[in-house]
Amino acid sequence: MQAIQLKQTFKTNVSDIYAITGDDEGLILYALEKFYDLIPSDTRDYCVQKFEGNEVNSADVISSLAYNSMFGDRRLVIVKDVNRKLSTQEIESWLDYVENINDGNVLILVNSPSIKSAISEFAVEVDCNRMSLIDYTNYIETLFKFYKIKYDRTALSEIVNRCNKDFGKINNELNKIMLYASTETLVDRELIRELVPIDTETQVFEFVYALQDGDFDRAMGIIDILLERGDKPSMILATLTMTYKRTFAIMTNDGDDDFLSESLGMKKSALFMARKKIDAAKRRTSGFLARLKNTVYYLYGLEYDFKSGKITQENALDLAITYLIGKTNAKRT
């Protein structure tokens, strides 16, 4: 089931084991909050135990699940990011656990495929992958109706698209919108455009497109907007690196749009626009693929230099922009 269905499900039944899977951190945090809500806030710190990473010992987790809550409430045991292969002994211990579950305690596996695989038939799966546009808009509409916010339906998709289908960002922006909007304020597309900034990733794509079009003033204006609103230079650099990596993947991969959209985490509309811009750049720039490959390596190198302390994140971003402008200008055919 989808993460946003959890709260409704809990009204009738709470299972013993849940397997949360997906790449949307916002949805994962949302799902975990629904589990936390099962426990009174004043005892929550004493009733939640977390394990994370491949060093997690299965025996420790299972021992934790055997404890009763000292307050008579549920206990949550959260296991996150265990990707290593389990030993035969560990698999057997997990199977023993599901045959002797301590009623009331809940095991929550977050992106831990190996443990999930061992006890999959006993786990309720919770999907935290990015949802479709209609799922997000339905969620927003439900919130607006509950809080009696007046809205135009065009605003719903505008919010989702500006947040690049990131559930955490959507929720943050919804909190801001509902604080701003009284019951008499109409939330429409124009209001959303004033209140909700375009997602960093989308802005960086626009920066790259502006470079490819030779519009350097617009490109630098986009960077200025990102910095002024508080985006860190390191985050902008990481997004630039990811963008050029995706561009290189689009250039060199024979997969269809569905495969590329899924593997690159891009919407099909963004994929179409990226291909269109890439084709235009290819026609006017000699050795485009080789230049693109060198650019990816150069940006990775800057990230490494920044993370290893050789240069500051500000210098790394400045060098990246200087390099990209120079390569865009060079040797037009």
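For clarity, every value in this text was computed on a predicted model and none was experimentally measured.
- Scanning for side chain to side chain contact (heavy atoms under 4.5 Å, CB included) contacts around D166 gives D24, R130, K169, with sequence neighbours left out.
- Sorted by first and then second residue, the salt bridge (charged side-chain N to carboxylate O under 4.0 Å, His left out) pairs with a member in residues 45-60 form an empty list; sequence neighbours excluded.
- Grouped with L29 in a hydrophobic cluster is no other residue, since no side-chain heavy-atom contact under 4.5 Å to another Ile, Leu, Val, Met, Phe, Trp or Tyr is found.
- L107 and V14 sit in two unconnected hydrophobic clusters of ILVMFWY residues. Membership requires side-chain heavy atoms under 4.5 Å apart, directly or through other members.
- Residues N175 and Y180 fail the side-chain proximity criterion, which asks for heavy atoms closer than 4.5 Å.
- Cluster annotation: L156 is connected to Y136 through the hydrophobic network of ILVMFWY side chains, with a link wherever side-chain heavy atoms come within less than 4.5 Å.
- Rounding to the nearest 0.5 Å gives a distance of 9.5 Å between CZ of R193 and CG of D188.
- Residues D152 and V187 have side chains not in contact (no heavy-atom distance under 4.5 Å, counting atoms from C-beta outward).
- Looking at heavy atoms from C-beta onward, V204 lies in side-chain contact with L226 at the 4.5 angstrom threshold.
- Side-chain atoms of R44 come within 3.5 Å of backbone atoms of Y36 as a donor-acceptor pair (strictly under, hydrogens ignored).
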Legend entry - Steps toward side-chain contact (heavy atoms from CB on, under 4.5 Å) verdict (E125, Y18): CA-CA 6 Å; E125 295 196 26; Y18 291 83; over 6 Å; no
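- At a threshold of 4.5 Å between non-hydrogen side-chain atoms, the residues F306 and N315 do not count as touching.
- Hydrophobic side-chain contacts under 4.5 Å tie Y67 to no other Ile, Leu, Val, Met, Phe, Trp or Tyr residue.
- A219 and F207 get closest at one heavy-atom pair: O-CD1, 3.2 Å.
- Heavy atoms only, all atoms of each residue included: V196 and R162 are closest at O-NH1, 2.8 Å.
- Remark: the D305 side chain and the Y300 side chain contain no N/O donor-acceptor pair separated by less than 3.5 Å.
- Separating the CE atom in M242 from the CG atom in L299 is a distance of 12.0 Å, to the nearest 0.5 Å.
- Residue L65 comes nearest to N105 through the heavy atom pair O-ND2, 2.8 Å, listed as atom of the first residue, atom of the second, then distance.
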Under 3.5 Å, side-chain donor or acceptor atoms of residues 110-118 against the rest of the protein: list the pairs with distances, not counting sequence neighbours.
from, atom 1, to, atom 2, distance (Å)
N111, OD1, G22, N, 3.1
N111, ND2, G22, O, 3.0
S112, OG, V79, O, 3.3
S112, OG, D81, N, 3.2
S112, OG, V82, N, 3.1
S112, OG, V110, O, 3.2
S114, OG, V82, O, 3.3
S114, OG, R84, O, 3.1

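- The aromatic rings of F167 and Y30 lie perpendicular to each other, with more than 60° between the two planes, well past the 30° mark.
- Under the 4.5 Å side-chain contact rule for hydrophobic residues, Y298 and I223 share a cluster.
- Inter-residue side-chain proximity for V106 and R74 is flagged as met; some heavy-atom pair is nearer than 4.5 Å.
- Proximity of a side-chain donor or acceptor of D231 to a complementary backbone N or O of L227 within less than 3.5 Å is not detected.
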Inset, instruction - Go through the steps for I28 and E25 under the test side-chain contact (heavy atoms from CB on, under 4.5 Å), then give the verdict. - result: CA-CA 5 Å; I28 290 173; E25 285 293 328; 4.1 Å; yes
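- For the atom pair I140 CD1 and I177 CD1, the distance stands at 7.5 Å (nearest 0.5 Å).
- Rounding to the nearest 0.5 angstrom, the gap separating the OG1 atom in T154 from the CD atom in E190 is 8.5 Å.
- Nearest heavy-atom pair across Q313 and P233 is OE1-CD, 3.4 Å.
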Inset, instruction - Could you please spell out the steps behind the side chain to side chain donor-acceptor pair (under 3.5 Å) verdict for Y139 and N171? - result: CA-CA 10 Å; Y139 168 72; N171 265 336; 2.8 Å; yes
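- Side-chain N or O atoms of E194 include none that pairs as donor or acceptor with a backbone N or O of L191 at under 3.5 Å.
- Distance check: E92 CD to S58 OG gives 12.0 Å after rounding to the nearest 0.5 Å.
- A distance-only check finds a donor-acceptor pair linking the side chain of N54 to the backbone of N83 [under 3.5 Å].
- D96 CG to E99 CD: the interatomic distance, rounded to the nearest 0.5 Å, is 6.0 Å.
- No donor-acceptor distance shorter than 3.5 angstrom exists from the side chain of N13 to the backbone of T9, with no hydrogens or angles considered.
- In this structure, R75 and S64 approach most closely via the heavy-atom pair NH1-O, 2.6 Å.
- Listed by chain and number, the hydrophobic cluster partners of I134 come to none, as no ILVMFWY side chain reaches under 4.5 Å of it.
- In this structure the side chain of K150 never reaches within 4.5 angstrom of the side chain of T185, judged on heavy atoms.
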Legend entry - side-chain contact (heavy atoms from CB on, under 4.5 Å) between Q49 and F51, intermediate numbers included: CA-CA 7 Å; Q49 188 165 2; F51 299 86; 3.5 Å; yes
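- In this structure the side chain of L109 never reaches within 4.5 angstrom of the side chain of K80, judged on heavy atoms.
- Using modelled atom types, one side-chain atom of E90 and one backbone atom of S87 make a donor-acceptor pair closer than 3.5 Å.
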Inset, instruction - Mind running side-chain contact (heavy atoms from CB on, under 4.5 Å) on I4 and M131 for me, showing each step along the way? - result: CA-CA 10 Å; I4 56 176; M131 300 183 291; 4.1 Å; yes
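- V124 and L95 fall into different hydrophobic clusters, where Ile, Leu, Val, Met, Phe, Trp and Tyr residues are linked whenever their side-chain heavy atoms come under 4.5 Å apart, directly or through other members.
- Minimum interatomic distance between Y151 and I149 (heavy atoms only, all atoms of both residues): CD2-O, 3.3 Å.
- A donor-acceptor pair under 3.5 Å is absent between the side-chain atoms of K165 and the main chain of S132, judged by distance alone.
- Within a 6.0 Å radius of NZ in K7, other residues, nucleotides and ligands contribute 12 heavy atoms or fewer.
- At a threshold of 4.5 Å between non-hydrogen side-chain atoms, the residues I108 and V77 do not count as touching.
- Hydrophobic clustering (ILVMFWY, side-chain heavy atoms < 4.5 Å, transitive): I78 and F122 are in distinct clusters.
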